[in-house]
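What you see is a predicted model; the values in this text were computed from it and never measured. We name chains A, B, ... by the order of the sequence lines, and we start the count at 1 in each one.
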Protein chains: 2
Amino acid sequence: MDTKEHIMQVGMQLFAEKGYETTTIRDIASKAKVNLALISYHFGSKEGLLKNIFQQRALNLQFQIWEISNDKSLNELQKVHLMIDYYIDKIFTNHQFHRVMMRELFSSQSEEVHSDTIDIFTENAKIVISIIEKGIKKKVFRNIDPELCFASIIGTIHHLMHSTILRKRIFGGKEKKDPILEPSFKKRVTKHIQQMIEHHLIAEKNNNN
Amino acid sequence: MDTKEHIMQVGMQLFAEKGYETTTIRDIASKAKVNLALISYHFGSKEGLLKNIFQQRALNLQFQIWEISNDKSLNELQKVHLMIDYYIDKIFTNHQFHRVMMRELFSSQSEEVHSDTIDIFTENAKIVISIIEKGIKKKVFRNIDPELCFASIIGTIHHLMHSTILRKRIFGGKEKKDPILEPSFKKRVTKHIQQMIEHHLIAEKNNNN
DNA sequence: TTAAAATTAAACAAATGTTTAAAACTATAT
DNA sequence: ATATAGTTTTAAACATTTGTTTAATTTTAA
């Protein structure tokens, strides 16, 4: 059993549940069933643990956005759809880390801890935005707001990921269960965002309406 | 000068900037230039201060959503547009409080502190959702996902409000200024969300395209 | 066997929210 | 005006909690 890896896993879980500040190294040590000195020993400090978690996961952020962007066999709409797919997939499967990341990203302080992560995030964002801009130039997309369009994609996902309470209340049904783990919910979100963005980007031909 | 009110104002400002946990009562006392014992004296505790701030502001959340909903002179699309207008206006003008609220709402713990706020929030949400559902039943709206449609409205706004860093990076221009205070940005966001939701809800007639 | 690495229990210093008891201030009644 | 009761403010101390360190012990591997 790799103690170091184990601590990181438990640490991330608690950071995701309670937030970095509220989680004490005694919480982590207790849940991981290791001595609390081991956190300082292995990671130097509590912040060191957070940095390690970020480094470990940040690579995972750099997903195939760039490759999709350069794929000549796809048109702009297909690219946007694929990117939405990837974003949702990444964020849903790593939702614990994303909670931590977003919470820290939103706290505006201690920027240095995750400046790498922010860099990756903004770079990905700019790629998506540039695809939309290209579509607008080519007149296959409407003349809409590319940056805010991206904000809506990512904002929808994050809003659904972040607030456990609201998610349970609005989507949890009568039993107020958290739908985040049900695969059907992921599909539902993907479908919604893709539909909404497509409706926004493209004025459809008039069928029989 | 009302000390109590002054402490609440400074407290909210710091909670918005640094988060509740990270802000110490010494920070607040120092910035407000009052003795730190006054916080416990006036509010009982640090958490008492937070509760007071929530109570003071929560009432402000209950805006005219209900009245819009019942206004017979408006059709469904107009109602949705007006609601978006109101949401953005409320959140932008009270953006400090909304930062605090959302951060605390997202932390999943200490639910009791703001259960009132959550109640108001979810009630408002359900009104908006029911309007969309009504539009769908009347077939003036497409058969889209009402709950997720609301999630996109509110998610977009909150995503833009929350992340100072990302906002500066993507919308701040070359000088990386925070656009949140510029009135043009508010207008831009309103226009975008209204357009996007309208495109999503209504299949437009084919003009000359 | 031995040297390095990992783990443990205990102690440490700093920071935090809270309380206390005295002082200063305010307003009211005499 | 003066005394008095109540409120507000202050400085200091308090008990806890926090992250971290230390020194001894155990485990691992060469």
From [atom1] of [X] over to [atom2] of [N], roughly how many Å is that when rounded to an integer?
X: A/Lys4; N: C/dA5; atom1: NZ; atom2: P; result: 13 Å
X: B/Phe43; N: C/dT18; atom1: CZ; atom2: C1'; result: 16 Å
X: A/Ile25; N: D/dT20; atom1: CD1; atom2: C1'; result: 7 Å
X: A/Glu5; N: C/dA6; atom1: CD; atom2: C1'; result: 17 Å
X: A/Leu38; N: D/dT22; atom1: CG; atom2: P; result: 16 Å
X: A/Glu21; N: D/dT17; atom1: CD; atom2: C1'; result: 14 Å
X: B/Lys46; N: C/dT16; atom1: NZ; atom2: C1'; result: 8 Å
X: A/Asp2; N: C/dA5; atom1: CG; atom2: P; result: 16 Å

Sugar-phosphate, base or nothing in reach of A/Ile39, heavy atoms under 4.0 Å: nothing
Identified side chain to side chain contact (heavy atoms under 4.5 Å, CB included) partner of A/His98 from the options A/His158, A/His162, A/Met161: A/His158
Validation row, ring centre A/Phe97 to ring centre A/Phe15 under 6.0 Å: no
Residue A/Arg26, side-chain atoms from C-beta onward, closest of D/dT20, C/dA9, D/dA13: D/dT20
Of the listed nucleotides D/dT20, C/dG17, C/dA9, the one nearest the side chain of A/Asn35: C/dA9
[N] OP1/OP2 closer than 4.0 Å to side-chain N/O of [X]:
X: A/Thr24; N: D/dT17; result: no
X: B/Tyr41; N: D/dT8; result: yes
X: B/His42; N: D/dT7; result: no

Carboxylate-amine/guanidinium proximity below 4.0 Å for B/Asp145 and A/Lys191: no
Stacked cation flag A/Lys134 on A/Phe141, 6.0 angstrom / 45 deg: no
Criterion side chain to side chain contact (heavy atoms under 4.5 Å, CB included) on B/Val100 and B/Ile53, from CA distance to verdict: CA-CA 10 Å; B/Val100 182; B/Ile53 292 174; 5.8 Å; no
